[in-house]
J.: 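Below you'll find the structure I mean.
We're numbering straight along the sequence, starting at 1.
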Amino acid sequence: MLTWSRQRSADVAKPFCDCFADNSKSNSLEDIPGCKCGEHSKDIREWQWETSTNTESSWVKMTPDQTEVTFHPFYSSGTAVVRGSAPLEHGYHYYWEIKMLTEPYGTDIMVGIGTHKVDTTSSRYRFTSLLGQDKESYGLSYTGAVRHKEIVTRDGPGFCKGTVVGVKVDLWQGTLEFFLNRQSRGISFYNLRRHPSLTLFPMVSSTAAQSTMRLIYAGSWQASLLVDAAKILGTSFPGDLNLPPGLKSRMKNQFWMMLPNESCIAEERRKEALAVAESKRMQIKTACSNIPLHELILYSEFAPCYRHPHRNNPEHVAVPFEADG
């Protein structure tokens with residue numbers, strides 16, 4: 001099942017899975033593994049990538065289904081960009097994901113959105129962070145920077161080979177939110193409705209030779225009470241959904257992106273358990289330091305603070321543990 005989380009990730013770029021671990025240093029197209037981890041079993045893609053009519057094959061190469069794109073398949077002499085085949089309409093929620101199949105490097109590789117006014121050929125012979133260089137586009141860089149109007153509005157973890165990068169556009173409220181391995185980086189922008197309907201498009205750009213990414217999911221939902229209710233349900237149940245079977249099935253099949261990430265839930269619970277254990281250890285340690293030794297020996301609950309008396313010790317004197325740290 002595909003799920004996501006609203007937790008902030010660590011400031012280190014990470015792959016979604018371990019499939020890319022053995023060849024993480026290689027950037028050859030022949031070395032891309034057939035990893036399907038995290039990909040939707042039903043191949044839901046409401047749109048595909050498309051290139052400008054004057055884009056040469058030396059700049060962008062696509063698979064026949066137009067979901068996997070390779071930038072600069074031979075060598076790079078500037079910045080290439082492709083956009084989604086369908087514009088974004090006001091009153092809809094959009095979410096799509098790409099999986100990075102090669103190791104990002106160079107000036108920039110970006111994922112984001114832009115209007116029909118973005119000149120996709122202006123930087124053909126210039127290495128630049130194309131998305132976010134003006135008021136018509138917004139982009140997340142592989143370095144972690146979020147850009148708009150040439151301003152870095154947020155810095156954090158970027159993406160690497162194997163990372164699943166998600167983009168959530170809410171054109172009912174006008175917000176843009178990026179996800180890394182289905183963990184939210186928070187809402188980056190709130191003013192998207194200033195752009196007229198049907199003028200914004202999904203976009204990706206790259207300056208790196210033989211950089212490849214794949215569109216693994218692209219879905220949309222018209223704003224409605226049902227979608228708002230799904231959002232509330234998704235945030236109200238941190239673990240298994242305690243819902244009637246029919247509603248539970250619909251949530252998992254249609255609104256999976258609004259459910260919390262199960263691996264993150266397990267990690268949160270592990271951290272909570274460690275925090276509780278550490279708190280109890282410190283309480284016992286503090287109590288041990290304030291009670292005379294001869295009294296401690298009488299209370300078994302304080303035994304963890306002391307070693308068992310050695311058999312050859314006729315005095316049966318308890319020996320304190322060495323203090324941690």
J.: What about H72 and W59, are their ring centers closer than 6.0 Å?
T.: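 H72 vs W59: aromatic centres under 6.0 Å.
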
J.: When you compare the side chains of E50 and S85, does any donor N or O come within less than 3.5 Å of an acceptor on the partner?
T.: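 Absent: no donor and acceptor within the cut-off.
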
J.: Will you find, in the side chains of E136 and T115, an N or O donor that is under 3.5 Å from an N or O acceptor?
T.: yes

J.: When you measure from the side chain of N181 to the backbone N and O of K14, does any donor-acceptor pair fall under 3.5 Å?
T.: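 Flag set: sc N181 to bb K14 pair under 3.5 Å.
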
J.: Step by step, work out the side chain to side chain donor-acceptor pair (under 3.5 Å) result for S197 and E89.
T.: CA-CA 5 Å; S197 184; E89 184 177 353; 5.0 Å; no

J.: What is the minimum heavy-atom distance between K161 and L101, and which atoms define it?
T.: CE-O, 3.5 Å

J.: Are F71 and F127 joined in one hydrophobic group, where the rule is that I, L, V, M, F, W and Y side chains link up if heavy atoms are under 4.5 Å apart?
T.: no

J.: On the six-membered ring of F178, is R185 placed so that its NZ or CZ lies under 6.0 angstrom from the centre and within 45° of the ring axis?
T.: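 R185 over F178 ring: no.
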
J.: Under 3.5 Å, is there a donor-acceptor pair linking the side chains of S123 and T128?
T.: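 Side chains of S123 and T128: no pair found under 3.5 Å.
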
J.: Members other than Y190 in its cluster, when Ile, Leu, Val, Met, Phe, Trp, Tyr link by side-chain heavy atoms under 4.5 Å?
T.: I187

J.: Hey, are T207 and D108 close enough side-chain-wise for a donor-acceptor pair under 3.5 Å?
T.: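 The answer is no; no qualifying pair exists.
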
J.: In chain order, what residues pass the ring pair (Phe, Tyr, Trp, His ring centres under 6.0 Å) check against F189, with sequence neighbours excluded?
T.: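 Expected list: Y138, H148.
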
J.: Under a 3.5 Å distance rule, please check whether T153 uses its side chain to pair with a backbone N or O of R147 as donor and acceptor.
T.: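 Side chain of T153 to backbone of R147: no pair is present.
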
J.: If we check side chain to side chain donor-acceptor pair (under 3.5 Å) with S211, which of these qualifies: S205, S206, S76?
T.: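 Going through the options one by one, the only one that passes is S206.
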
J.: Check L180 against P157 and note the closest heavy-atom contact, atom names and distance.
T.: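 Smallest heavy-atom distance, with atoms named: CD1-O, 3.0 Å.
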
J.: I would like to know whether I113 and V169 meet side-chain contact (heavy atoms from CB on, under 4.5 Å); could you show each step before the answer?
T.: CA-CA 9 Å; I113 60 175; V169 179; 4.1 Å; yes

J.: Any carboxylate oxygen within less than 4.0 angstrom of a Lys/Arg side-chain nitrogen, looking at R214 and E68?
T.: yes

J.: Can you find a heavy atom in the side chain of H116 that is under 4.5 Å from one in the side chain of V118?
T.: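 With C-beta onward as the side chain, the pair stays apart.
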
J.: What closest approach, in Å, do P196 and T199 show between heavy atoms, and which atom pair accounts for it?
T.: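 Where P196 meets T199 most closely, the heavy atoms are O-OG1, 2.6 Å.
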
J.: Looking at CG of L274 and OG of S279, how far apart are the two atoms once the value is rounded to the nearest 0.5 Å?
T.: 12.5 Å

J.: Taking all non-hydrogen atoms of both residues into account, name the closest pair between N191 and R194 and its distance.
T.: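 Shortest heavy-atom separation between N191 and R194 comes out as O-CG, 3.0 Å.
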
J.: Kindly compute the distance separating OG1 (T63) from CG (L215), expressed to the nearest 0.5 Å.
T.: 9.5 Å

J.: Return the CG to NZ distance between D134 and K149, rounded to the nearest 0.5 Å.
T.: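 It is 10.0 Å, given to the nearest 0.5 Å.
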
J.: Considering residues at least two apart in sequence or located in another chain, which fulfil the ring pair (Phe, Tyr, Trp, His ring centres under 6.0 Å) criterion with W47?
T.: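 Counting only residues at least two positions away or on another chain, W47 forms a ring pair (Phe, Tyr, Trp, His ring centres under 6.0 Å) with W49, W96.
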
J.: So does T143 get a backbone contact from the side chain of S141, meaning a donor-acceptor N/O pair under 3.5 Å?
T.: yes

J.: Compare all side-chain heavy atoms of L176 with those of V167 and state whether any distance is below 4.5 angstrom.
T.: yes

J.: Side chains of T212 and T70: do they bring a donor and an acceptor to under 3.5 Å?
T.: yes

J.: If hydrophobic clusters are built from ILVMFWY residues whose side chains come within less than 4.5 Å, do L192 and Y94 share one?
T.: yes

J.: Using side-chain contact (heavy atoms from CB on, under 4.5 Å), reason through M100 and T102 one step at a time and then give a plain yes or no.
T.: CA-CA 6 Å; M100 198 69 208; T102 55; 3.8 Å; yes

J.: Quiz question: by atom type and distance under 3.5 Å, do the side chains of E177 and S184 form a donor-acceptor pair?
T.: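 There is such a pair (donor and acceptor under 3.5 Å, judged by atom type) between the side chains of E177 and S184.
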
J.: So, R182 side chain and G38 main chain: donor-acceptor pair closer than 3.5 Å or not?
T.: yes

J.: Is any side-chain heavy atom of T121 less than 4.5 Å from a side-chain heavy atom of D119?
T.: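 Sidechains of D119 and T121: in contact.
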
J.: Is there a donor-acceptor pair closer than 3.5 Å between any side-chain N or O of Q133 and the backbone N or O of E150?
T.: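 A pair under 3.5 Å: no.
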
J.: For residues R193 and G174, report the shortest heavy-atom separation together with the two atoms involved.
T.: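 Where R193 meets G174 most closely, the heavy atoms are CG-CA, 3.8 Å.
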
J.: So how far is it from L198 CG to L171 CG, rounded to the nearest 0.5 Å?
T.: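 Answer for the CG-CG pair, L198 versus L171, is 9.5 Å.
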
J.: I need the minimum non-hydrogen distance between I216 and K99, along with the two atoms involved.
T.: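 That closest heavy-atom pairing would be CG2-CB, 4.1 Å.
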
J.: Are a donor atom and an acceptor atom from the side chains of E97 and Y95 found within less than 3.5 Å of each other?
T.: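 The answer is yes; a qualifying pair exists.
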
J.: Quick one: are R83 and T120 in side-chain contact, heavy atoms under 4.5 Å?
T.: no

J.: Evaluate the side-chain contact (heavy atoms from CB on, under 4.5 Å) criterion for residues M213 and I109: first the C-alpha distance (whole Å), next the side-chain angles of each, then the deciding distance (0.1 Å), finally the verdict.
T.: CA-CA 10 Å; M213 61 182 70; I109 296 177; 3.8 Å; yes

J.: If you apply the rule side-chain contact (heavy atoms from CB on, under 4.5 Å), what do you find for M110 with Y142, and how did you get there?
T.: CA-CA 6 Å; M110 306 191 74; Y142 81 96; over 6 Å; no

J.: Would you say L200 and Y92 are hydrophobically clustered, going by side-chain heavy atoms of ILVMFWY under 4.5 Å?
T.: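 Yes; Y92 is reachable from L200 via cluster members.
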
J.: Tell me, do E39 and Y217 make a side-chain contact under 4.5 Å, heavy atoms counted?
T.: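 They are not in contact (no side-chain heavy atoms under 4.5 Å apart), so the answer is no.
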
